[in-house]
Visitor: 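Let me give you the structure first, and then I'll get to my questions.
The figures here come from the full heavy-atom set of this structure, side chains too, leaving out hydrogens, waters and symmetry mates. What you see is a predicted model, and the numbers here were worked out from it, not measured in a lab. Order of the sequence lines fixes the chain letters, A, B, ..., with proteins taken first and strands second; residue numbering starts at 1 for each chain.
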Amino acid sequence: MTPPELARRLQTQFGALLTAPVVFRGEVTLRLTAAERVAEVCAFAKQTLGFDFLLDISSIDNYGEEPRWTVVYELYGLGHRGHLRLTTDVSEAASELPTVTAVWATANWHEREVYDLMGIRFRGHPDPRRILMWEGYPYFPLRKDFPLAGKTTELPEVAFTAPAPLEGGPFVTTPGAAHTTEREPRARTTAR
Amino acid sequence: MQRATEFGYDSKIEGDVVVTRLDAALNWFRKNSLWPMPMGLACCAIELMATGASRFDISRFGAEVMRFSPRQSDVMIVAGTVTYKMALAVKRIYDQMTEPKWVIAMGACASTGGMYRSYAVLQGIDRLLPVDVYVAGCPPRPEALLDALLKLQAKVAKEPAWATLKRGA
């Protein structure tokens with residue numbers, strides 16, 4: 001079966017839970033309206049439709065809009081070589097949805113990364129620790145309201161952080177300027 | 001019967017004696033066998049390895065003995081991006097190195113944070129350690145690292161080694 005057929009099959013199974021598949025440049029995306037049912041849908045996609053490989057879980061911060069979070073699951077079947085994208089919205093108040101680690105073991109680290117950088121929790125996760133930043137770091141740095149330069153933190157004996165000197169950066173280039181120093185300055189002062 | 005012992009001029013060792021200052025001798029020993037602590041944290045470490053390999057051959061300058069124990073090394077070559085998560089580990093290894101010790105910040109990241117103007121990267125290892133030589137480049141050519149080593153040797157040669165030793169005793 002091709003990915004659009006597989007997507008229709010998934011929609012027939014779950015009905016109103018899933019929106020109609022959107023095909024863009026050969027990529028099929030389905031939106032799941034109830035984030036709480038994500039594990040169930042994923043289990044069906046794996047066991048019946050042969051999506052045995054979870055490529056990635058990513059998350060989007062729709063800052064200023066509600067629901068704030070979109071969690072994106074990239075599914076792949078090694079048998080039929082079909083790709084399917086499953087998205088679901090999560091409100092900021094909840095910031096939580098069920099884990100899919102019971103379906104794909106590889107979801108363990110993907111979900112830890114989403115939690116670490118975006119602060120979305122996965123209920124039932126077997127090891128809900130941070131994966132890149134250290135335990136005790138108080139922020140979720142890929143949220144839109146977190147400054148790129150970072151914030152000051154201090155965790156004695158473990159790590160500290162300080163804001164980076166961005167000065168209008170991080171990458172400030174002026175195409176067409178005569179000199180290299182103008183074209184690619186080390187940093188641009190905001191006063192200018 | 002002649003019982004006097006001969007001191008001073010001895011024709012048998014003429015030409016075999018070199019007169020120098022103690023500082024110059026100590027510094028000469030030190031600068032020609034700087035054992036590096038290879039603090040390889042990113043792609044600069046690849047260039048560091050190339051510097052150690054036969055084509056560029058860091059042993060021409062007496063620094064080929066890469067020591068993976070801080071207790072046996074003289075110069076820490078910080079080669080790569082120092083993240084905040086790694087920063088205190090680098091500091092700890094530096095603290096474990098025995099005196100005298102020196103630091104080379106190799107590449108843009110170790111010197112200033114480089115292209116990582118970011119929440120996760122220390123903006124230069126000199127915010128934690130006293131750096132002796134900075135090497136520009138992303139990553140620097142092995143020749144640039146060798147030049148940094150020569151600059152460090154020139155610096156070591158000028159140090160008041162004996163006075164420092166006496167103060168420590």
Visitor: Take a 6.0 Å sphere around NZ of K46(A) and say whether it holds more than 12 heavy atoms from other residues, nucleotides or ligands.
Guide: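 Result for NZ/K46(A): enclosed.
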Visitor: For atom CZ of R81(A), is the number of surrounding heavy atoms from other residues, nucleotides or ligands below 6.0 Å larger than 12?
Guide: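 Result for CZ/R81(A): open.
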Visitor: Could you tell me which portion of F146(A) (side chain, backbone, both or neither) has an atom closer than 4.5 angstrom to a non-hydrogen atom of chain B?
Guide: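 It is the side chain, since no backbone atom gets that close.
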Visitor: Please check if the side chain of K85(B) supplies one atom and the backbone of W134(A) the other of a donor-acceptor pair under 3.5 Å.
Guide: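 Side chain of K85(B) to backbone of W134(A), a donor-acceptor pair under 3.5 Å: no, none is there.
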Visitor: Under a 4.5 Å cut-off applied to non-hydrogen side-chain atoms, are L128(B) and F160(A) in contact?
Guide: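 Heavy-atom side-chain distance check passes, below 4.5 Å.
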Visitor: Could you tell me whether R123(A) atom CZ has more than 12 heavy atoms of other residues or ligands within 6.0 Å of it?
Guide: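 Yes - once you tally the heavy atoms of other residues, nucleotides and ligands closer than 6.0 Å, there are more than 12.
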Visitor: To the closest 0.5 Å, what do you measure between CG (L148(A)) and OH (Y119(B))?
Guide: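 One gets 9.0 Å once the value is rounded to the nearest 0.5 Å.
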Visitor: How about K158(B): does its NZ atom have over 12 heavy atoms from other parts shown lying under 6.0 Å from it?
Guide: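 Counting neighbours around NZ of K158(B), 12 or fewer heavy atoms of other residues, nucleotides or ligands fall under 6.0 Å, so no.
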Visitor: Determine the minimum heavy-atom distance between R117(B) and A164(A), stating which atoms define it.
Guide: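 R117(B) and A164(A) have their closest heavy atoms at C-CB, 4.1 Å.
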Visitor: Show me the donor-acceptor pairs within less than 3.5 Å that the side chains of residues 10-17 of chain A make with the rest of the protein, sequence neighbours left out.
Guide:
from: Q11(A); atom 1: NE2; to: L18(A); atom 2: O; distance (Å): 3.4
from: T12(A); atom 1: OG1; to: R8(A); atom 2: O; distance (Å): 2.5

